[in-house]
Novice: 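Questions regarding the structure given below will be posed in turn.
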Amino acid sequence: MRLTCLGTGSPESHPGRASSGYLLEVAGQRLLLDCGGGVVSRLIEAGLRPADIDQVFFSHLHSDHMMDFARLVHAHWDEGGQSDGRHLQVTGPAPIATITQRLVGAQGAFAFDLTARCELQGSKDVWVARGGQLPRPWPQPQIYEVEPGFILEGQGWRLTSCTVPHAQPHLICMAFRFDDSAGRSLVYSGDAALCPELEALAEGADLLLHWCYRHDEEAAPDFIRRMSPTPSEIGAMAKRIGVKHLALTHFRAAVDETEGLLQRMQSAGQAAFAGPVTMASDLLALDI
Ligand SMILES: [Zn+2]
(Lines give C-alpha, C1' and ligand atoms only; values in the text may rest on other atoms or scores of the structure.)
Protein backbone atom coordinates (compact mmCIF):
# COMPACT_ATOMS: atom_id res chain seq x y z
CA MET A 1 0.00 0.00 0.00
CA ARG A 2 1.17 3.48 -0.73
CA LEU A 3 -0.41 6.68 0.54
CA THR A 4 0.22 9.96 -1.27
CA CYS A 5 -0.95 13.07 0.55
CA LEU A 6 -2.60 15.31 -2.05
CA GLY A 7 -4.12 17.85 0.28
CA THR A 8 -2.98 18.40 3.86
CA GLY A 9 -4.58 21.77 4.54
CA SER A 10 -7.85 22.99 5.95
CA PRO A 11 -10.70 25.01 4.39
CA GLU A 12 -8.45 28.10 4.52
CA SER A 13 -6.73 29.32 1.37
CA HIS A 14 -3.12 28.25 1.61
CA PRO A 15 -0.39 28.51 -1.04
CA GLY A 16 1.30 25.28 0.01
CA ARG A 17 -1.53 23.00 1.06
CA ALA A 18 -4.64 21.91 -0.79
CA SER A 19 -7.68 20.93 1.26
CA SER A 20 -8.15 17.29 2.28
CA GLY A 21 -7.41 14.50 -0.15
CA TYR A 22 -5.26 11.34 -0.16
CA LEU A 23 -4.41 8.83 -2.84
CA LEU A 24 -4.23 5.22 -1.66
CA GLU A 25 -2.68 2.75 -4.09
CA VAL A 26 -3.47 -0.78 -3.08
CA ALA A 27 -3.50 -4.06 -5.02
CA GLY A 28 -3.18 -2.22 -8.32
CA GLN A 29 -6.10 0.09 -7.66
CA ARG A 30 -6.16 3.82 -7.07
CA LEU A 31 -8.48 5.01 -4.37
CA LEU A 32 -9.04 8.64 -3.46
CA LEU A 33 -9.94 9.46 0.11
CA ASP A 34 -11.77 12.81 0.09
CA CYS A 35 -11.49 15.41 -2.64
CA GLY A 36 -11.16 18.93 -1.25
CA GLY A 37 -10.24 22.05 -3.17
CA GLY A 38 -6.92 21.74 -5.00
CA VAL A 39 -6.75 17.96 -4.75
CA VAL A 40 -7.24 17.31 -8.47
CA SER A 41 -4.33 19.63 -9.31
CA ARG A 42 -2.16 17.79 -6.76
CA LEU A 43 -3.19 14.47 -8.29
CA ILE A 44 -1.99 15.71 -11.66
CA GLU A 45 1.24 16.99 -10.08
CA ALA A 46 1.68 13.48 -8.66
CA GLY A 47 1.71 12.17 -12.23
CA LEU A 48 -1.84 10.83 -12.46
CA ARG A 49 -5.02 11.97 -14.16
CA PRO A 50 -8.57 12.02 -12.81
CA ALA A 51 -9.44 9.15 -15.17
CA ASP A 52 -6.85 7.02 -13.36
CA ILE A 53 -8.93 7.03 -10.18
CA ASP A 54 -11.03 3.91 -9.62
CA GLN A 55 -12.94 4.80 -6.48
CA VAL A 56 -13.55 7.80 -4.25
CA PHE A 57 -14.45 7.58 -0.57
CA PHE A 58 -15.79 10.52 1.38
CA SER A 59 -15.27 10.68 5.13
CA HIS A 60 -17.86 13.46 5.32
CA LEU A 61 -19.23 16.18 3.09
CA HIS A 62 -17.72 19.35 4.45
CA SER A 63 -16.60 21.52 1.53
CA ASP A 64 -12.90 21.10 2.32
CA HIS A 65 -13.35 17.37 1.70
CA MET A 66 -15.38 17.56 -1.52
CA MET A 67 -14.92 20.93 -3.24
CA ASP A 68 -13.02 19.32 -6.16
CA PHE A 69 -15.56 16.51 -6.61
CA ALA A 70 -17.23 18.23 -9.57
CA ARG A 71 -13.87 18.69 -11.29
CA LEU A 72 -12.93 15.06 -10.63
CA VAL A 73 -16.21 13.69 -12.02
CA HIS A 74 -16.13 15.97 -15.05
CA ALA A 75 -12.49 15.32 -15.93
CA HIS A 76 -12.83 11.58 -15.29
CA TRP A 77 -15.68 11.59 -17.83
CA ASP A 78 -14.17 14.03 -20.33
CA GLU A 79 -10.78 12.29 -20.39
CA GLY A 80 -12.11 8.84 -21.09
CA GLY A 81 -12.51 7.39 -17.62
CA GLN A 82 -15.88 5.96 -18.60
CA SER A 83 -14.62 4.08 -21.63
CA ASP A 84 -14.84 0.27 -21.53
CA GLY A 85 -17.84 0.54 -19.24
CA ARG A 86 -15.64 1.77 -16.41
CA HIS A 87 -17.37 4.29 -14.17
CA LEU A 88 -16.06 6.26 -11.27
CA GLN A 89 -17.15 4.54 -8.07
CA VAL A 90 -18.15 6.98 -5.35
CA THR A 91 -18.80 5.89 -1.79
CA GLY A 92 -19.79 8.26 0.97
CA PRO A 93 -22.46 9.32 3.40
CA ALA A 94 -25.77 10.85 2.38
CA PRO A 95 -26.44 13.19 0.68
CA ILE A 96 -23.68 12.35 -1.79
CA ALA A 97 -26.30 11.03 -4.26
CA THR A 98 -28.24 14.30 -4.10
CA ILE A 99 -25.07 16.35 -4.42
CA THR A 100 -24.01 14.36 -7.48
CA GLN A 101 -27.45 14.82 -9.07
CA ARG A 102 -27.26 18.55 -8.43
CA LEU A 103 -23.87 18.69 -10.13
CA VAL A 104 -24.10 16.40 -13.14
CA GLY A 105 -27.75 15.31 -13.24
CA ALA A 106 -30.20 16.41 -15.95
CA GLN A 107 -31.02 19.55 -13.97
CA GLY A 108 -27.57 19.88 -12.39
CA ALA A 109 -25.25 22.86 -12.34
CA PHE A 110 -23.17 21.36 -15.16
CA ALA A 111 -26.14 20.31 -17.33
CA PHE A 112 -25.64 23.31 -19.63
CA ASP A 113 -21.98 22.47 -20.14
CA LEU A 114 -22.65 18.76 -20.58
CA THR A 115 -25.38 19.43 -23.14
CA ALA A 116 -23.03 21.65 -25.11
CA ARG A 117 -20.25 19.06 -25.01
CA CYS A 118 -22.57 16.30 -26.14
CA GLU A 119 -24.55 18.24 -28.78
CA LEU A 120 -22.25 20.83 -30.37
CA GLN A 121 -20.78 19.50 -33.62
CA GLY A 122 -17.28 20.72 -32.77
CA SER A 123 -17.39 19.04 -29.37
CA LYS A 124 -18.61 15.83 -30.93
CA ASP A 125 -15.78 15.98 -33.46
CA VAL A 126 -13.23 16.37 -30.67
CA TRP A 127 -14.80 13.47 -28.79
CA VAL A 128 -14.69 11.18 -31.84
CA ALA A 129 -11.11 12.26 -32.60
CA ARG A 130 -10.19 11.10 -29.09
CA GLY A 131 -11.63 7.69 -29.82
CA GLY A 132 -15.10 8.22 -28.38
CA GLN A 133 -18.36 7.06 -29.91
CA LEU A 134 -21.60 8.94 -30.54
CA PRO A 135 -24.02 9.61 -29.06
CA ARG A 136 -21.85 10.73 -26.21
CA PRO A 137 -23.12 9.50 -22.83
CA TRP A 138 -23.25 11.84 -19.84
CA PRO A 139 -21.11 11.27 -16.74
CA GLN A 140 -22.40 8.30 -14.85
CA PRO A 141 -20.51 8.05 -11.58
CA GLN A 142 -21.74 5.09 -9.55
CA ILE A 143 -22.86 6.40 -6.19
CA TYR A 144 -23.04 4.28 -3.05
CA GLU A 145 -24.46 5.96 0.03
CA VAL A 146 -23.21 4.27 3.17
CA GLU A 147 -23.48 4.69 6.91
CA PRO A 148 -20.66 4.55 9.43
CA GLY A 149 -19.86 0.93 10.23
CA PHE A 150 -20.18 -0.22 6.62
CA ILE A 151 -17.73 -2.83 5.38
CA LEU A 152 -16.53 -3.19 1.80
CA GLU A 153 -14.59 -6.13 0.42
CA GLY A 154 -12.41 -4.79 -2.38
CA GLN A 155 -10.12 -6.74 -4.67
CA GLY A 156 -7.10 -7.32 -2.45
CA TRP A 157 -8.25 -5.01 0.32
CA ARG A 158 -10.94 -4.66 2.92
CA LEU A 159 -12.50 -1.43 4.16
CA THR A 160 -14.05 -1.06 7.57
CA SER A 161 -15.38 2.15 9.04
CA CYS A 162 -16.79 3.82 12.11
CA THR A 163 -18.55 6.99 13.13
CA VAL A 164 -16.44 9.86 14.48
CA PRO A 165 -17.72 12.97 16.26
CA HIS A 166 -17.22 16.09 14.15
CA ALA A 167 -20.15 17.90 12.52
CA GLN A 168 -23.19 15.96 13.69
CA PRO A 169 -26.13 16.34 13.42
CA HIS A 170 -25.61 18.30 10.23
CA LEU A 171 -23.18 15.90 8.58
CA ILE A 172 -22.50 12.18 8.87
CA CYS A 173 -18.79 11.77 9.63
CA MET A 174 -16.71 8.63 9.55
CA ALA A 175 -13.23 7.17 9.65
CA PHE A 176 -11.91 4.44 7.34
CA ARG A 177 -9.57 1.50 7.81
CA PHE A 178 -8.01 -0.31 4.85
CA ASP A 179 -6.38 -3.71 5.33
CA ASP A 180 -4.61 -5.32 2.38
CA SER A 181 -4.00 -8.99 1.74
CA ALA A 182 -0.40 -8.65 2.94
CA GLY A 183 -1.69 -7.69 6.38
CA ARG A 184 -0.81 -3.99 6.12
CA SER A 185 -3.24 -1.38 7.37
CA LEU A 186 -4.03 2.31 7.04
CA VAL A 187 -6.55 4.20 9.13
CA TYR A 188 -7.76 7.63 8.00
CA SER A 189 -9.52 9.51 10.77
CA GLY A 190 -11.33 12.01 8.58
CA ASP A 191 -12.05 14.94 10.88
CA ALA A 192 -12.52 13.44 14.31
CA ALA A 193 -12.69 14.06 18.01
CA LEU A 194 -11.11 11.39 20.18
CA CYS A 195 -13.61 8.58 20.61
CA PRO A 196 -13.74 4.88 21.50
CA GLU A 197 -15.04 3.98 18.02
CA LEU A 198 -11.92 5.34 16.31
CA GLU A 199 -9.66 3.75 18.93
CA ALA A 200 -11.22 0.36 18.19
CA LEU A 201 -10.97 0.86 14.41
CA ALA A 202 -7.35 2.01 14.51
CA GLU A 203 -6.00 -0.55 16.98
CA GLY A 204 -2.62 -1.85 15.84
CA ALA A 205 -2.72 0.03 12.52
CA ASP A 206 0.53 0.31 10.57
CA LEU A 207 -0.27 3.93 9.77
CA LEU A 208 -2.79 6.23 11.41
CA LEU A 209 -3.40 9.37 9.38
CA HIS A 210 -5.10 11.72 11.82
CA TRP A 211 -6.36 15.24 11.39
CA CYS A 212 -4.77 17.86 13.64
CA TYR A 213 -6.62 21.15 13.61
CA ARG A 214 -5.39 22.44 16.96
CA HIS A 215 -2.01 22.62 18.69
CA ASP A 216 -1.06 22.29 22.32
CA GLU A 217 -0.09 25.93 22.80
CA GLU A 218 -3.41 27.56 21.95
CA ALA A 219 -6.38 28.44 24.09
CA ALA A 220 -9.62 27.44 22.42
CA PRO A 221 -13.33 27.52 23.18
CA ASP A 222 -14.64 24.46 24.95
CA PHE A 223 -16.35 22.95 21.89
CA ILE A 224 -13.23 23.21 19.77
CA ARG A 225 -11.11 21.75 22.57
CA ARG A 226 -13.39 18.73 22.83
CA MET A 227 -13.67 18.20 19.09
CA SER A 228 -10.11 18.93 17.94
CA PRO A 229 -7.42 16.89 19.68
CA THR A 230 -3.89 18.30 19.87
CA PRO A 231 -0.72 16.48 18.76
CA SER A 232 -0.01 15.31 22.30
CA GLU A 233 -3.56 14.02 22.74
CA ILE A 234 -3.47 12.22 19.40
CA GLY A 235 -0.01 10.82 20.17
CA ALA A 236 -1.18 9.48 23.52
CA MET A 237 -4.19 7.84 21.89
CA ALA A 238 -2.03 6.30 19.15
CA LYS A 239 0.31 4.88 21.79
CA ARG A 240 -2.62 3.51 23.80
CA ILE A 241 -3.93 1.50 20.85
CA GLY A 242 -0.60 0.24 19.50
CA VAL A 243 -0.37 2.21 16.26
CA LYS A 244 3.00 1.77 14.50
CA HIS A 245 3.31 5.09 12.66
CA LEU A 246 1.36 8.30 13.18
CA ALA A 247 0.94 10.97 10.51
CA LEU A 248 -0.72 14.28 11.35
CA THR A 249 -2.49 16.38 8.72
CA HIS A 250 -5.24 18.98 8.05
CA PHE A 251 -3.14 21.95 9.12
CA ARG A 252 -4.34 25.55 9.21
CA ALA A 253 -2.40 28.31 7.51
CA ALA A 254 -1.26 29.68 10.89
CA VAL A 255 0.65 26.47 11.54
CA ASP A 256 2.94 27.20 8.62
CA GLU A 257 2.98 30.96 9.15
CA THR A 258 4.14 30.74 12.78
CA GLU A 259 7.89 30.28 13.11
CA GLY A 260 8.75 26.82 14.40
CA LEU A 261 5.18 25.82 15.21
CA LEU A 262 5.00 22.79 12.93
CA GLN A 263 8.19 21.45 14.49
CA ARG A 264 6.87 22.06 18.01
CA MET A 265 3.67 20.21 17.09
CA GLN A 266 5.72 17.29 15.83
CA SER A 267 7.74 17.29 19.05
CA ALA A 268 4.57 17.36 21.17
CA GLY A 269 3.17 14.38 19.29
CA GLN A 270 6.49 12.59 19.43
CA ALA A 271 6.78 13.07 23.20
CA ALA A 272 3.52 11.17 23.66
CA PHE A 273 4.12 8.43 21.08
CA ALA A 274 6.97 5.94 20.84
CA GLY A 275 6.84 5.37 17.07
CA PRO A 276 7.54 7.86 14.30
CA VAL A 277 5.37 10.96 13.99
CA THR A 278 5.22 12.42 10.49
CA MET A 279 3.86 15.88 9.72
CA ALA A 280 2.11 15.41 6.39
CA SER A 281 2.73 17.73 3.46
CA ASP A 282 1.25 17.91 -0.02
CA LEU A 283 2.71 15.24 -2.33
CA LEU A 284 4.39 13.38 0.54
CA ALA A 285 4.23 9.65 -0.19
CA LEU A 286 4.31 7.04 2.56
CA ASP A 287 4.80 3.34 1.93
CA ILE A 288 2.81 1.22 4.29
ZN1 LIG B 1 -11.91 19.17 7.24
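The shown structure was predicted, so the numbers you read here are calculated from the model rather than taken from an experiment. Note that ligands are numbered from 1 as they come in the structure, with each ligand's atoms numbered from 1 the same way.
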Novice: D191: which N/O/S atom is nearest the Zn ion (ligand 1)?
Specialist: OD2
Novice: Check the pair D256, R17 against salt bridge (Lys or Arg N to Asp or Glu O under 4.0 Å), reporting the backbone distance first and the verdict last.
Specialist: CA-CA 10 Å; D256 293 305; R17 297 184 190 272; 2.7 Å; yes
Novice: Do R71 and S41 meet the criterion of a side-chain donor-acceptor pair at a distance under 3.5 Å?
Specialist: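 The criterion, which ignores hydrogens and geometry beyond distance, is satisfied for S41 and R71.
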Novice: For E203, does its backbone N or O pair with a side-chain atom of R177 as donor and acceptor, under 3.5 Å?
Specialist: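 A pair under 3.5 Å: yes.
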Novice: Of all N, O or S atoms in D64, which has the smallest distance to the Zn ion (ligand 1)?
Specialist: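 So the atom name we want here is OD2.
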Novice: With respect to the Zn ion (ligand 1), please indicate if H250 possesses an N, O or S atom at a distance under 2.8 Å.
Specialist: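 It does; at least one qualifying atom falls short of 2.8 Å.
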Novice: So, E197 side chain and C162 main chain: donor-acceptor pair closer than 3.5 Å or not?
Specialist: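 No.
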Novice: Within the stated cut-off of 2.8 Å, is an N/O/S atom of H65 closer than that to the Zn ion (ligand 1)?
Specialist: yes
